[in-house]
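Notes follow the structure.
Only a predicted model underlies this, so the values are computations on that prediction, with no experimental measurement involved.
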Amino acid sequence: MAVMSGAADSMLPKLVDDPEAVALAVEPWAQPGRKNKKTCRRALLVGSLMTLLLLACFVLGRESASSAAWLQIDLLAKLTAMNNGTAGLTTTTHAPHGRDELLGGLLPAGMNRRTCRSRYESWRYYKYFPYAASPHLQDKLRAYEARHRRCAPGTPLYAKSVEQLRSGRSADGMECTYVVWLPFDGLGNRMLSMVSGFLYALLTDRVFLAALPADSADLFCEPFPDTTWRLPLEDFPVADLLPRGQSIERSYTSLLDAKEVGPDANATAGVPPYVYVSLGWQLKDPLFFCGEHQLVLGKVNWLLLYSDLYFSPSLYAVAEFQDELRRLFPAKESVGHLLSRYLFHPTNPVWSLTTRYYRSYLATAKRRIGVQVRMFSYGSISADDMYSQILACSQQEHILPETEDGDEDEVVAATRNGDNADGSNSTAILVASLYADYYERLRSRYYDHGAKGGERVAVFQPSHEERQATDNMAHNQRALAEIYLLSFSEELLTSGRSTFGYVSSNLAGVRPTIMLTAYDHKIPEPPCRRAVSMEPCNLTPPLGVECRGKPVDKEDLARHLRVCEDSKDSVKLFD
């Protein structure tokens, strides 16, 4: 039996680190005659680092266990570097599309590699490349990048647009119009709403800017070449830019009710300089998804997007967008997958956290399984029931390795016969949860019983924060690192209605197995469903909204926009 566990345990796989970190951490190889001196220095440094690690764990205590765990990874990586660790990086893939640093033409060439290592390195970690960017999408992205450079903050056209905003009205013929993303809810929600906002900018020839708060300032690299997507908050002329709730005074519906905008508004009143679009889980502006109202919004120079939803699927129901979406994404389930890989690139600090953990614990395994557990108050069950649901789902869909029922001698014999010295019969299970309970139970499961066929099973959990702290930068950095660690898996088991799970499987290019929500506070039957589409779910679609504009192709819509596997009142895109 061979079982390994997470960062807090002493039994660890061979540790490795990326070449740049190794180069920074280690002196050049010792010259002849210097071996003893180098060995002494190495032993002294090892002792110092281990002392620092123990001191950190003692000082930080239980409340900062996650920080201590990530610090341990950093120190372990340095120890490995001193031992001349080499990257056990897996480069196998399961599809030929986009297996290069530009992801098959999805990414622009020539951007600075040092300032954002993840942009041109992430392809080495992804296991699946199911869809290539269509030629039309590539052309659209290159045209968008050129427009963004012309209109971004710091350019004369941006200054002209801001002055127009200050004037109190929108103007016809402005070369640059904008959609400004505003932060709302947790990291998963934010990433999905950013993808949706960017897609909307592509469809309407707007420029996408992000009003990034302090808790997100060092999460993502600039996605567009030679420019910025950050809205300068200090001199933006809209007072109290961030809403205090979803009922916003200057939202589209509010202005529509006041007849300040809309198909029936007084033409002499002029078009307002900006309009809030409230597309949160309460969906205060459902008419946003009607073509006749898109014609009205097209006259507004600045749209301020306040959303925590992945509303991309509902854009497909807008007749004016449908044809363009077909050309951009021939495979409908590729929308979020391709745009997420295009838009999001973790900053170097986050990427270092991610790759150090991956290479230290996950790289040498033959197979990686991500298990993401999130429980909501409206579907809460006991930890015992949640663990039972995980096992029931795994058994139903054959996800986690089966355990031996025999005695210890049989397990040891199977392990020896497995000949697993090269890791060819090994599985790493990565648990992402706010709590340590499920990790500890899975670890004990494989420690007590072992896996069938002599398979080596390692169970890891990078952190267990115990509560979500969206306004904390360090928390968000660790959360983003775990999203990417999950996305490097061959198999994903995620929680229904969880945006964290949606983002992870979207980046991975994997159709996950989704555990269903326990709405009646009992283990659902069946416990899970295998996703038919990797697209995230729009959890609050505009149901029952009657539009009066151009009719949509209802047959095509019924084929591609259907009910989600994990939420009966929600929709997603299917092929």
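- Glu222 pairs by the salt bridge (Lys or Arg N to Asp or Glu O under 4.0 Å) definition with Arg230, not counting sequence neighbours.
- Looking only at side-chain heavy atoms (C-beta outward), Phe321 and Thr204 come within less than 4.5 Å of each other.
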Asp285 vs His293, side-chain contact (heavy atoms from CB on, under 4.5 Å): CA-CA, chis, key distance, verdict: CA-CA 11 Å; Asp285 288 328; His293 293 281; over 6 Å; no
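- In this pair, Phe376 and Tyr378 present their aromatic rings parallel. The plane angle is below 30°, not in the 30 to 60° band.
- Distance check: Asp215 CG to Arg190 CZ gives 4.5 Å after rounding to the nearest 0.5 Å.
- Checked by atom type and distance alone, the side chain of Ser567 never pairs as donor or acceptor with a backbone atom of Arg497 at under 3.5 Å.
- In this view, Asp308 satisfies the salt bridge (Lys or Arg N to Asp or Glu O under 4.0 Å) rule with no residue, not counting sequence neighbours.
- The main-chain N or O of Ser193 is never found under 3.5 Å from a side-chain atom of Ser307 such that the two would form a donor-acceptor pair.
- The one candidate from Thr253, Val238, Leu255 that meets the side chain to side chain contact (heavy atoms under 4.5 Å, CB included) condition with Tyr276 is Val238.
- In this structure, the side chain of Arg206 engages the main chain of Asn301 through a donor-acceptor pair within 3.5 Å.
- Interatomic distance, OG of Ser505 versus CE of Met534, reported as 8.5 Å (0.5 Å rounding).
- In this structure, the separation between CD on Glu101 and CG on Leu107 is 9.0 Å, given to the nearest 0.5 Å.
- Salt bridge annotation for Asp139-Arg142: absent, with no cationic side-chain nitrogen under 4.0 angstrom from a carboxylate oxygen.
- Checking side-chain atoms of Asn476 against main-chain N and O of Thr470 turns up a donor-acceptor pair under 3.5 Å.
- Residues in residues 164-176 take part in these salt bridge (Lys or Arg N to Asp or Glu O under 4.0 Å) pairs, two or more places apart or across chains: Arg150-Glu175, Glu163-Arg166.
- Formation of a donor-acceptor pair under 3.5 Å by the Gln461 side chain with backbone atoms of Ser463 is found in this model.
- Ring centroid separation for the pair Tyr200 and Trp181 does not come in under the 6.0 Å cut-off.
- The shortest side-chain heavy-atom distance between Asp218 and Gln477 falls under the 4.5 Å cut-off.
- Side-chain contact check for Gln372 and Ser504: no donor-acceptor pair (N or O, by modelled atom type) lies under 3.5 Å.
- Between the side chain of Asn348 and the backbone N or O of Arg114 there is at least one donor-acceptor pair closer than 3.5 Å.
- Between Asp100 atom CG and Trp123 atom CH2 the span is 7.0 Å, to the nearest 0.5 Å.
- Applying the ring pair (Phe, Tyr, Trp, His ring centres under 6.0 Å) rule to pairs touching residues 210-237 yields Tyr144-Phe224, His148-Phe224, Phe198-Phe224, Phe220-Phe344, Phe236-Trp302, sequence neighbours excluded.
- Ser170 contributes a side-chain N or O that, together with a main-chain N or O of Pro272, makes up a donor-acceptor pair within less than 3.5 Å.
- Interatomic distance, Met194 CE to Leu343 CG, rounded to the nearest 0.5 Å: 6.0 Å.
- Atom CG of Asp235 sits in a crowded spot, with more than 12 heavy atoms from other residues, nucleotides or ligands closer than 6.0 Å.
- Listed by first and then second residue, the salt bridge (Lys or Arg N to Asp or Glu O under 4.0 Å) pairs that reach into residues 499-511 are Glu333-Arg511, sequence neighbours excluded.
- If you take CG on Leu304 and OG on Ser278, they are separated by 11.5 Å, rounding to the nearest 0.5 Å.
- A cation-pi arrangement is present between Arg341 and Phe129, with the terminal nitrogen or guanidinium carbon under 6.0 Å from the aromatic centre and inside a 45° cone about the axis.
- Distance alone, capped at 3.5 Å, places no donor-acceptor pair between the Ser489 side chain and the Leu492 backbone.
- Environment of NZ in Lys140: crowded, with over 12 heavy atoms of neighbouring residues, nucleotides or ligands closer than 6.0 Å.
- Of the possible donor and acceptor atoms, none in the side chain of His136 sits under 3.5 Å from a partner among the backbone N and O of Ala133.
- Between Phe488 and Tyr358, the ring planes lie perpendicular to each other; the angle is over 60°, past the 30° to 60° tilted range.
- Judged purely by distance below 3.5 Å, without hydrogens or angles, the side chains of Gln164 and Ser161 never pair a donor atom with an acceptor atom.
- Here side chain to side chain donor-acceptor pair (under 3.5 Å) pairs that include residues 531-553, with residues two or more places apart or in two chains, are Tyr310-Glu535, Ser314-Asn538.
- When atom types are taken as modelled, the side chain of Lys568 and the backbone of Asp566 share no donor-acceptor pair closer than 3.5 angstrom.
- Screening Pro346, Ser122, Ser118 for a side chain to side chain contact (heavy atoms under 4.5 Å, CB included) involving Tyr484 leaves a single residue, Pro346.
- A 4.5 Å side-chain heavy-atom check between Arg326 and Tyr316 finds at least one atom pair inside the cut-off.
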